[in-house]
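Written below as structure tokens is the structure these notes are about.
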Amino acid sequence: MTLYNNPITIFLFLSLSFLPSMQNKLTPDYYKKTCPNFLETVRKIVKEKQHNTPSTAAATLRLLFHDCMVGGCDASILVTSNAYNTAERDHAVNLQLSGDGFDAVLRVKNVLELECPNVVSCADILAAAASELVANSGGPTFTVQFGRKDSLESKISSSENQFPLPNMTMSQVIPLFAKKGFSVQEMVALIGAHTIGMSHCDQFVHRLFRFSKTSETDPAYNPEYAAGLRKLCENYTKDPTMAAYNDVITPVKFDNMYFKNLRRGLGLLATDTALFTDPRTKPFVEKYADDEAKFFQDFALAIEKLSALDVKTGKDGEVRNRCDAFNALYG
């Protein structure tokens with residue numbers, strides 16, 4: 001019998017080959033011994049931040065999405081550009097990310113570096129903060145696993161063609177999620193995050209002025225809603241900060257009102273309206289509009305999946321001392 005045909009040898013080989021993945025597995029108790037107050041610290045800081053700045057929840061949730069969709073959940077979106085590298089966050093698709101999300105993560109990191117220096121990654125802070133803020137806004141609780149490492153690179157080119165744009169069709173949006181392993185149902189559940197947050201006028205103004213030769217505004221809009229948006233955005237070129245709530249009825253509450261709004265012609269972005277009209281996605285919109293508990297259940301599962309997307313563990317990353325810069329930059 002040769003060495004490689006020996007059952008004991010084969011068993012040991014297989015056991016050792018799986019060892020790294022077992023060691024690197026994410027777990028909810030990752031910081032139980034090394035930073036036992038981690039979640040309590042996150043919870044306290046983001047709750048205060050949300051109380052003072054209600055846009056924090058939507059900003060942080062969107063930040064998590066933009067981070068995970070490019071190279072996995074590794075805090076690469078938090079890195080700032082320098083003279084030697086232009087980072088992800090400077091790509092056009094990321095320029096409108098609210099500073100409140102970045103600030104929430106940095107506040108937590110600053111405190112944790114005093115409590116548990118060089119222990120908790122920025123990627124884990126972002127995931128934990130998003131989870132807490134969704135729950136604080138009335139949404140579902142979901143399980144977050146920890147043990148992510150922060151990325152060792154962040155390049156502007158990585159964000160190219162990774163995100164749905166406001167004027168895309170579902171035939172363009174669905175493949176973007178599919179290549180990350182998300183089903184149509186999971187995609188619709190994740191887009192339900194539009195129940196909180198805002199969009200700048202330039203993301204939907206094409207639907208308000210000179211929409212077509214036969215209609216000044218997009219006829220898919222509720223007429224009164226369109227009139228209000230036209231007034232809001234009439235000077236958006238002079239003031240690019242002008243924005244509207246994604247959910248005009250309950251803008252800071254995480255609920256299923258976003259889906260109900262789509263039935264009423266209150267979908268802000270063209271992609272929102274397409275979600276309701278496309279036969280591949282409409283059944284899920286209808287289901288979530290009728291059943292908030294089902295939306296919460298499916299959203300929780302989808303966001304758990306998103307938060308573990310292509311994470312870096314072990315030597316594939318680092319625990320940054322500062323969330324906005326690689327350790328090598330500051331030694």
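Between L114 and P117, the shortest heavy-atom contact is O-CD, 4.3 Å. Among all heavy-atom pairs drawn from E304 and S307, the shortest one is O-OG, 2.9 Å. Looking at every heavy atom in both residues, N327 comes nearest to V319 through ND2-O, 3.0 Å. Closest heavy-atom contact between F142 and S131: CZ-CA, 3.3 Å. Shown here for G192 and Y258, the closest heavy-atom pair between the two residues is CA-CD2, 4.0 Å. Contact detail for T250 and M257: the closest heavy-atom pair is OG1-CB, 3.3 Å.
Using modelled atom types, no side-chain atom of E48 and backbone atom of I45 make a donor-acceptor pair closer than 3.5 Å. The backbone N or O of S151 lies less than 3.5 Å from no partner atom in the side chain of S76, so there is not a single donor-acceptor pair. Put simply, the side chain of S137 never gets that close to the backbone of F254: no donor and acceptor are under 3.5 Å apart. Under the 3.5 Å distance criterion, the side-chain polar atoms of S159 are left unmatched by any main-chain donor or acceptor of H91. With N222 contributing its side chain and Y225 its backbone, the two residues share a donor-acceptor pair below 3.5 Å. The closest donor-acceptor contact from the side chain of S121 to the backbone of K149 lies at 3.5 Å or more, if one exists at all. Looking at R210, its side chain never comes within 3.5 Å of a backbone N or O of R207 through a donor-acceptor pair. A distance-only check finds a donor-acceptor pair linking the side chain of T56 to the backbone of T53 [under 3.5 Å]. Proximity of a side-chain donor or acceptor of N37 to a complementary backbone N or O of E40 within less than 3.5 Å is not detected. Listed for the K109 side chain is a donor-acceptor partner under 3.5 Å among the backbone atoms of V120.
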Would Q203 and L269 count as a side chain to side chain contact (heavy atoms under 4.5 Å, CB included) if you check the C-alpha gap in whole Å, the side-chain angles of each, and the deciding distance to 0.1 Å? CA-CA 7 Å; Q203 302 293 294; L269 306 176; 3.9 Å; yes
Output, in order, the C-alpha distance, side-chain angles, deciding distance and verdict of side chain to side chain contact (heavy atoms under 4.5 Å, CB included) for V311 and T313. CA-CA 7 Å; V311 297; T313 56; 4.3 Å; yes
Let's go through R280 and S171 carefully: what are the C-alpha distance in whole Å and the side-chain angles of both, what is the deciding distance for side chain to side chain donor-acceptor pair (under 3.5 Å) to 0.1 Å, and is it a yes or a no? CA-CA 10 Å; R280 291 167 292 184; S171 291; 2.9 Å; yes
Is there a ring-ring contact (aromatic ring centres under 6.0 Å, His included) between F163 and H66 once you walk through the steps? CA-CA 8 Å; F163 298 98; H66 277 243; 4.3 Å; yes
Please report the C-alpha distance between E153 and N85 in whole Å, then the side-chain angles of each, then the deciding distance to 0.1 Å, and finally whether the side chain to side chain donor-acceptor pair (under 3.5 Å) criterion is met. CA-CA 9 Å; E153 68 174 21; N85 177 60; over 6 Å; no
Stepwise ring-ring contact (aromatic ring centres under 6.0 Å, His included) test for F295 and Y288: CA-CA 5 Å; F295 165 50; Y288 296 150; 5.6 Å; yes
Would you sort out whether E115 and F38 count as a side chain to side chain contact (heavy atoms under 4.5 Å, CB included), showing the intermediate values? CA-CA 9 Å; E115 296 180 354; F38 161 56; over 6 Å; no
Evaluate side chain to side chain contact (heavy atoms under 4.5 Å, CB included) for N94 paired with V70, printing each intermediate quantity in order. CA-CA 11 Å; N94 295 322; V70 179; 6.0 Å; no
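You'll find the side chain of F299 reaches within 4.5 Å of the side chain of P140, heavy atoms only. Under the 4.5 Å side-chain criterion, counting only non-hydrogen atoms from C-beta, I196 is not in contact with D247. At a threshold of 4.5 Å between non-hydrogen side-chain atoms, the residues I191 and F259 do not count as touching. Looking at heavy atoms from C-beta onward, V46 lies out of side-chain contact with T60 at the 4.5 angstrom threshold. Side-chain contact check for I77 versus S154: every heavy-atom pair is 4.5 Å or farther apart. Looking at heavy atoms from C-beta onward, V79 lies in side-chain contact with R320 at the 4.5 angstrom threshold. Counting heavy atoms from C-beta on, the side chains of K179 and Q162 come closer than 4.5 Å. Counting heavy atoms from C-beta outward, V119 and L112 have side chains that stay 4.5 Å or more apart.
Salt bridge D298/K294: present, at least one basic N to carboxylate O contact under 4.0 Å. Ionic pairing of R230 and E216 is present here: one or more N-O contacts between side-chain nitrogen and carboxylate oxygen are shorter than 4.0 angstrom. Under a 4.0 Å N-O distance rule, the pair R263/D290 qualifies as a salt bridge. With respect to the salt-bridge test (charged N to carboxylate O, under 4.0 angstrom), the residues K155 and E88 do not qualify. Under a 4.0 Å N-O distance rule, the pair K49/D100 qualifies as a salt bridge.
For the pair R107 and F102, the cation does not sit on the ring face, since its NZ or CZ is not both under 6.0 Å from the ring centre and inside 45° of the axis.
Both V205 and L266 are members of a single hydrophobic cluster when ILVMFWY side chains are connected at heavy-atom separations under 4.5 Å. Cluster annotation: M187 and L268 are assigned to distinct hydrophobic clusters (Ile/Leu/Val/Met/Phe/Trp/Tyr, side-chain heavy-atom contacts under 4.5 Å, transitive). If you chain together hydrophobic residues whose side chains sit under 4.5 Å apart, L97 and L190 fall into the same group. Under the 4.5 Å side-chain heavy-atom criterion for ILVMFWY residues, no single connected hydrophobic cluster contains both V252 and F296. Linking ILVMFWY side-chain heavy atoms closer than 4.5 Å, directly or via other members, places M198 and L133 in two distinct hydrophobic clusters.
Shown here is K47, whose NZ atom has no more than 12 heavy atoms of other residues, nucleotides or ligands within 6.0 Å. More than 12 heavy-atom neighbours from other residues, nucleotides or ligands sit within 6.0 angstrom of NZ on K180. Applying the 6.0 Å contact sphere to NZ of K231 captures no more than 12 heavy atoms from other residues, nucleotides or ligands.
Remark: C68 SG to D74 CG distance equals 8.0 Å, nearest 0.5 Å. Atom OH of Y236 sits about 10.0 Å away from atom CZ of F204, to the nearest 0.5 Å.
In this model, a donor atom of one side chain and an acceptor atom of the other lie less than 3.5 Å apart for D239 and T241. If you check the side chains of H194 and D272, you find a donor sitting under 3.5 Å from an acceptor.
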